Colleague: 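Here it is, the structure, as structure tokens.
First the proteins, then the strands, lettered A, B, ... as listed; each starts at 1. Owing to the predicted nature of the structure, the values given are computational and were not obtained by experimental measurement.
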Amino acid sequence: MDNAMTIPSQPDLRVALGPLALANPVMTASGTFGYAAEFANLVRLNRLGGVVVKGISLEPRAGNPPPRIFETAAGMLNAIGLENVGVKRFISDKMPHLRTCGCRIVVNILGDSIDDYAALAGHLSAVAGIDALEVNISCPNVKKGGVAFGTAPEMAAAVTRAVKQETDLPVIVKLSPNVTDIVVMARAVAESGADALSLINTLIGMGIDARTRRPRLANVIGGLSGPAIKPVALRMVWQVASAVSIPIIGIGGIGTAEDAIEFLLAGATAVQVGTANFYNPGATEQIIDGIADYLRQQGESSVQAIIGGLRLGA
Amino acid sequence: MDNAMTIPSQPDLRVALGPLALANPVMTASGTFGYAAEFANLVRLNRLGGVVVKGISLEPRAGNPPPRIFETAAGMLNAIGLENVGVKRFISDKMPHLRTCGCRIVVNILGDSIDDYAALAGHLSAVAGIDALEVNISCPNVKKGGVAFGTAPEMAAAVTRAVKQETDLPVIVKLSPNVTDIVVMARAVAESGADALSLINTLIGMGIDARTRRPRLANVIGGLSGPAIKPVALRMVWQVASAVSIPIIGIGGIGTAEDAIEFLLAGATAVQVGTANFYNPGATEQIIDGIADYLRQQGESSVQAIIGGLRLGA
Amino acid sequence: MPEHQEKSIVLSIERLSPSVYRLTLHAPLIAGEARPGQFAMVACGSTLDPLLRRPISIHQCSGDGRLQLVVKVVGRGTQLLSEIRAGQTLDLLGPLGRGFRLSPGPVALIGGGIGIAPLLFLAQSLMQTGQADASCRVLLGAQSGEDLAPLAAGFETLGCHVELATDDGSLGRHGLITDLLPAHLPNLGKVYVCGPHPMMAAVAALCASAQVDCEVSLEAHMACGLGACLGCAAPGADGRYKHVCKHGPVFKAEEMAWTTR
Amino acid sequence: MPEHQEKSIVLSIERLSPSVYRLTLHAPLIAGEARPGQFAMVACGSTLDPLLRRPISIHQCSGDGRLQLVVKVVGRGTQLLSEIRAGQTLDLLGPLGRGFRLSPGPVALIGGGIGIAPLLFLAQSLMQTGQADASCRVLLGAQSGEDLAPLAAGFETLGCHVELATDDGSLGRHGLITDLLPAHLPNLGKVYVCGPHPMMAAVAALCASAQVDCEVSLEAHMACGLGACLGCAAPGADGRYKHVCKHGPVFKAEEMAWTTR
Ligand SMILES: Cc1cc2nc3c(=O)[nH]c(=O)nc-3n(C[C@H](O)[C@H](O)[C@H](O)COP(=O)(O)OP(=O)(O)OC[C@H]3O[C@@H](n4cnc5c(N)ncnc54)[C@H](O)[C@@H]3O)c2cc1C
Ligand SMILES: Cc1cc2nc3c(=O)[nH]c(=O)nc-3n(C[C@H](O)[C@H](O)[C@H](O)COP(=O)(O)OP(=O)(O)OC[C@H]3O[C@@H](n4cnc5c(N)ncnc54)[C@H](O)[C@@H]3O)c2cc1C
Ligand SMILES: Cc1cc2nc3c(=O)[nH]c(=O)nc-3n(C[C@H](O)[C@H](O)[C@H](O)COP(=O)(O)O)c2cc1C
Ligand SMILES: Cc1cc2nc3c(=O)[nH]c(=O)nc-3n(C[C@H](O)[C@H](O)[C@H](O)COP(=O)(O)O)c2cc1C
Ligand code: FES
Ligand code: FES
């Protein structure tokens with residue numbers, strides 16, 4: 001009796017973000033998975049499509065005073081303040097373990113100026129084991145009065161060009177959702193040479209403690225993430241996928257395979273799981289398995305078949 | 001024994017939205033309370049600070065095909081498509097009952113063009129029992145390729161001026177949150193003569209049914225409301241309250257007295273309860289009672305004392 | 001008929017089949033006023049997820065304030081309802097909507113799946129008021145006997161004539177219950193139907209060509225249940241949208257557009 | 001010590017006082033490795049609201065895989081935990097963080113309110129390994145006797161010397177438990193403390209001036225419990241932020257900045 005015949009074959013989960021090939025479309029979102037070591041006992045890291053590490057700056061940053069996080073309805077606010085060990089210690093202390101993960105390693109970078117981003121890209125290009133850079137443009141441009149790079153198309157374009165010039169690594173630009181027209185931002189970045197887009201970063205939110213009349217975050221405002229923002233993220237991914245031709249990584253409130261599939265259908269080539277790593281550390285592996293199950297149920301042999309597969313019209 | 005002495009007196013809940021005085025700061029949000037009659041058996045309408053009716057256009061509108069609503073994590077998407085009976089039938093069929101409610105009646109208006117808004121304001125100014133107009137500028141400007149009035153400061157300003165010119169009623173302009181900088185929009189509207197601001201309208205979102213690969217709404221995209229959006233709404237109210245001097249009505253995910261108090265502390269003079277009317281029809285009365293309880297607990301004799309009372313700094 | 005927001009007490013919960021549960025509640029305000037075909041908006045949990053109430057038909061009411069709902073688990077909200085226990089409270093909004101318009105004469109009640117739930121209340125009212133008699137036909141269908149048997153119980157003791165069909169043939173006729181209708185149509189004055197949309201469309205079409213009155217109980221996604229949100233639109237025959245929660249859920253079949261869905 | 005995501009089974013839940021509950025769980029993976037002062041991140045519900053796990057200290061473990069938590073109801077998450085029933089499952093992540101560093105010698109354990117919960121596990125370990133003896137002082141305080149008595153149980157049978165204080169004087173001394181510390185300090189080699197922040201600050205200050213080692217168990221809002229989100233920052237004495245979930249929750253008192261909060 002050949003049992004193998006009744007077991008449906010494993011669907012092909014491979015996807016490519018331009019030059020960056022992934023074993024499957026499921027990555028972890030920056031700032032929600034540390035430097036991967038934190039989850040090594042809970043997740044088989046080599047099963048992941050990729051890990052995006054916590055945002056790295058040129059110099060170490062202490063971050064904001066506490067409280068830094070606050071739970072909201074089906075979401076959370078964070079104002080970590082971009083705490084990180086800085087690029088030097090990242091390379092010396094964090095990269096050795098990251099090289100052993102057995103999956104794609106993407107380094108998220110952030111800066112106060114275009115020069116910062118360029119310098120980071122230069123530094124990191126020489127480091128073995130880094131597969132791509134993800135440029136976080138939701139940071140304030142100190143030279144332009146603190147307006148976020150990600151809210152003005154010319155600034156976002158300039159950062160993209162500067163980073164591309166300094167590196168041969170694939171460059172993913174991560175968009176901020178706090179804009180009137182996400183398509184304008186996406187086009188500006190795509191035309192400036194980005195290899196792929198990540199969206200979305202957090203929405204800007206706030207919480208207040210009625211009893212004490214104080215803000216819930218020491219920083220007053222913070223980034224809203226989690227299932228609460230999924231509908232906004234999905235809409236933006238769909239709008240951008242309909243407008244630009246470079247691949248998109250969908251991010252925002254993804255916690256289940258169904259969530260991930262919705263983003264793929266909307267046109268994302270891959271997804272990142274963020275806040276869900278906190279409430280369910282097993283989320284990423286469950287999502288990978290769930291996508292495979294879905295493809296089998298739907299009679300699809302490859303995940304490619306569903307990317308952008310949203311059915312419109314009657 | 002004088003029991004009355006141990007009962008703390010009822011705090012003063014009265015507030016004023018510029019020329020519009022309210023018995024208390026709790027109103028209902030447009031589109032979530034019908035024309036008030038729908039809730040007459042469930043809510044003592046004369047206890048409310050005010051009712052804002054479903055958005056009214058010059059001509060009746062059929063609205064979008066179903067499905068029109070979809071539940072999301074701690075929120076919902078709607079794409080009602082501005083279904084309404086049109087201004088004539090509103091005046092003849094709905095106003096008679098509204099006049100008997102015993103609370104402030106605010107009429108939410110919407111149009112395809114600046115002329116539409118102006119004409120609506122003119123029509124409604126002559127109608128007895130209307131206490132104010134709320135201008136919904138989240139609608140597409142048909143003459144400007146469908147860009148929403150609420151996403152371009154010049155268009156929002158033009159609508160505000162046009163409406164002000166046609167009416168002596170207090171004019172409240174309701175802002176869309178789907179913009180890069182809400183303060184720019186608020187300033188444009190305030191400088192154009194608005195008496196008060198309402199914020200926020202819904203965020204734009206989307207849902208997909210993974211099984212059928214179809215959008216969850218026939219209209220594909222829709223408005224996200226409910227507790228999920230509260231942190232974004234609160235942040236915008238705080239930003240705008242810090243920047244303009246006209247009164248603000250806070251809206252977005254308010255379901256409890258604590259929620260409402262957070263908006264008052266952030267600088268709102270009044271609040272509107274929207275989606276909560278659906279999952280808890282008793283919400284508005286509970287919020288009014290809860291604000292009074294809070295003021296007693298905090299030793300405040302008037303709600304005025306907490307408006308904008310957020311404590312910053314150490 | 002005023003609506004009430006009523007915190008009912010769960011008296012009991014019974015599992016009728018692997019996915020169907022019957023809740024018996026003490027809800028005197030709503031039970032005192034409900035009519036067959038009306039529904040309640042039920043708060044399924046105590047947190048903000050799931051957020052919205054779920055529409056559930058009134059299955060039975062008694063004079064002493066008891067009210068029954070029959071719930072099929074299809075998603076998160078109904079799953080939470082199935083986990084409720086006796087002694088807990090359940091926040092109901094009801095009775096809502098426009099129910100069946102009862103009229104005397106020879107009738108058939110046609111139910112499919114969980115759509116059978118509201119028909120028991122209807123049959124009771126018809127039989128107890130004498131508007132229907134032993135000629136009352138009850139045609140009920142479901143996937144399997146396991147699903148159908150518990151829902152079909154109760155109609156025969158009322159004195160109705162019951163016919164069953166299942167998709168898998170495990171109880172009653174093998175096939176669609178609507179196949180049984182044409183034989184009865186010439187003798188019927190009115191047909192009431194609640195079930196999957198294609199079944200109701202088929203019954204509506206049969207009744208239309210036989211010129212028999214037909215009332216259908218529609219489903220729609222609902223947020224308020226009160227006619228306020230305008231979310232529950234269904235296309236009417238006149239090209240306008242009806243609101244299922246307020247104009248329905250029970251409609252005359254000819255009021256609705258059957259082709260556009 | 002690897003962390004585990006473990007679906008534990010609730011063996012029992014007991015109400016110890018109006019707002020305090022003890023949960024006994026079958027969680028062999030976590031119970032097998034937990035050390036005193038460590039905690040678990042507990043999923044409080046099955047829906048997306050509340051979203052995040054809640055940090056709860058390990059109260060006791062046994063060799064047969066049993067693990068106890070003591071939970072005080074202060075908000076929605078802990079309310080949901082108090083409503084759990086035997087037979088249900090509870091998703092735990094643990095054991096997490098750095099616990100108390102046990103060392104031999106004369107010690108005092110100081111606990112305030114629900115902060116007493118992790119100290120029983122610590123006392124057991126100290127006494128059973130012989131690192132502490134009958135000279136072990138346990139100073140426990142709470143609002144009232146109703147709150148304190150159930151939390152204080154168990155220490156005396158271990159052979160510790162227990163002293164109690166309540167804010168309202170209903171059990172033990174009337175006043176703050178920290179008032180009792182100075183008298184003991186000269187004889188102590190180490191002090192372990194868990195309780196409200198002002199209490200820990202007071203104990204840290206007393207120990208610093210008496211040059212007695214002091215370990216404190218801090219609280220912070222946590223999202224991950226794994227050192228990944230960087231949400232649980234607390235200011236250190238060196239001007240840098242420590243992460244309570246990873247560097248702590250137990251810190252040497254002198255590592256932390258006590259004035260800036
Ligand atoms: C007037 C009316 C009376 C009803 N009576 C009963 C009854 O007596 N017993 C019973 O078990 N069910 C009844 N239903 C259907 C019931 O409301 C849905 O099964 C329920 O809302 C699904 O909720 P969920 O959270 O379990 O599923 P979800 O997880 O929300 O969704 C599961 C599936 O149910 C569909 N669904 C979700 N919400 C609704 C909704 N409001 N209306 C219809 N479908 C929906 C979804 O599209 C999806 O396919 C009735 C519906 C209506 C409109
Ligand atoms: C390492 C550690 C160990 C703990 N051990 C125990 C224990 O053994 N037993 C016990 O009952 N409690 C313990 N706590 C406290 C417990 O985590 C909080 O009481 C709980 O998270 C509150 O959740 P809630 O949903 O009930 O309250 P919420 O409604 O979320 O909030 C109620 C109050 O609790 C505060 N709070 C919310 N989340 C946290 C958090 N993550 N940490 C601290 N305070 C918070 C809020 O600011 C608010 O004042 C511990 C906390 C930490 C950090
Ligand atoms: C605690 C926390 C820290 C984050 N840090 C970063 C960061 O350093 N760089 C970045 O680009 N995004 C950061 N993000 C944003 C996430 O990568 C992600 O875009 C966002 O959380 C939305 O996804 P989610 O809803 O799945 O969490 C952070 C998010 C959280 C919650
Ligand atoms: C079903 C529905 C219909 C709405 N219709 C209108 C409308 O006609 N005009 C308008 O200005 N806002 C409309 N809104 C937006 C609400 O008034 C409110 O701004 C928004 O829902 C956010 O508040 P909430 O989170 O409390 O619901 C509608 C919202 C919902 C959910
Ligand atoms: S459900 Fe709101 S109008 Fe019908
Ligand atoms: S809780 Fe996430 S780092 Fe400590």
Side-chain angles (χ1 to χ4, degrees), chain B residues 28-43 53-55 60-85 216-218 222 225-228 230 253 255-256 259 274-283 285-286, chain C residues 1-7 29-30 33 40-55 74-77 91-97 197 218-236 238-246 256-257 260-261:
Chain B
T28 61
S30 178
T32 67
F33 208 69
Y35 302 101
E38 294 84 347
F39 283 81
N41 291 323
L42 297 161
V43 176
V53 301
K54 173 72 188 159
R61 295 197 186 199
N64 288 328
R68 291 180 172 186
I69 54 174
F70 176 63
E71 188 184 64
T72 67
M76 64 176 280
L77 287 166
N78 89 77
I80 306 300
L82 302 171
E83 172 177 347
N84 78 91
V85 296
R216 292 286 191 175
L217 299 172
S225 65
K230 193 186 96 176
T256 65
D259 295 333
T275 302
N277 293 307
F278 303 155
Y279 61 86
N280 178 19
E285 288 196 68
Q286 288 162 15
Chain C
M1 283 185 309
E3 308 85 6
H4 303 279
Q5 184 174 358
E6 185 170 25
K7 297 231 186 280
L29 293 175
I30 297 172
E33 307 194 29
M41 291 293 279
V42 183
C44 298
S46 59
T47 74
L48 297 173
D49 175 54
L51 188 70
L52 300 174
R53 291 163 184 263
R54 299 295 192 258
V74 299
R76 284 163 348 116
D91 182 345
L92 304 180
L93 188 66
L96 300 175
H197 200 266
L218 295 189
E219 285 206 5
H221 285 233
M222 293 184 180
C224 72
L226 296 166
C229 74
L230 311 184
C232 60
D238 59 1
R240 299 227 197 108
Y241 290 115
K242 313 280 179 199
H243 300 123
V244 173
C245 74
K246 196 80 182 178
M256 305 312 293
T260 56
R261 275 165 62 140

Colleague: Pick one of side chain, backbone, both or neither for C:Leu93, based on which atoms fall under 4.5 Å of a heavy atom in chain B.
Modeller: side chain

Colleague: Kindly compute the distance separating CG (C:Leu48) from OG1 (B:Thr256), expressed to the nearest 0.5 Å.
Modeller: 9.0 Å

Colleague: Side chain, backbone, both or neither: which part of C:Ala43 has an atom under 4.5 Å from a heavy atom of chain B?
Modeller: neither

Colleague: If you take all heavy atoms of B:Leu42 and C:Gln5, which pair is closest and at what distance?
Modeller: CD2-N, 3.6 Å

Colleague: Identify which of B:Asn84, B:Asn78, B:Asn280 forms the greatest number of heavy-atom pairs closer than 4.5 Å to chain C.
Modeller: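 Of the candidates given, the most pairs with chain C belong to B:Asn280.
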
Colleague: Taking the side chain as everything from C-beta on, heavy atoms only, tell me whether C:His221 gets closer than 4.5 Å to B:Arg216.
Modeller: no

Colleague: Quick one: what part of C:Met222 sits under 4.5 Å from any heavy atom of chain B, side chain, backbone, both or neither?
Modeller: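 Contact with chain B involves the backbone of C:Met222 alone.
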
Colleague: At their closest point, which heavy atom of C:Ala234 faces which heavy atom of B:Pro66, and how far apart are they?
Modeller: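 C:Ala234 and B:Pro66 have their closest heavy atoms at CA-CG, 4.5 Å.
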
Colleague: How close do B:Gly34 and C:Ala228 get, heavy atom to heavy atom, and via which atoms?
Modeller: N-CB, 3.7 Å

Colleague: Look at the side chain of B:Glu71 and the backbone N and O of C:Leu52, then say whether any donor-acceptor pair between them is shorter than 3.5 Å.
Modeller: yes

Colleague: Considering only heavy atoms from C-beta outward, does the side chain of B:Phe278 approach that of C:Leu51 to under 4.5 Å?
Modeller: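 No - every pair of side-chain heavy atoms lies 4.5 Å or more apart.
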
Colleague: Within the 4.5 Å heavy-atom criterion, are B:Pro281 and C:Cys224 side-chain neighbours or not?
Modeller: no

Colleague: Please identify, among B:Pro67, B:Gly75, B:Ala73, the residue contributing the most non-hydrogen atom pairs under 4.5 Å to chain C.
Modeller: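 Looking at each of B:Pro67, B:Gly75, B:Ala73 in turn, B:Gly75 comes out on top.
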
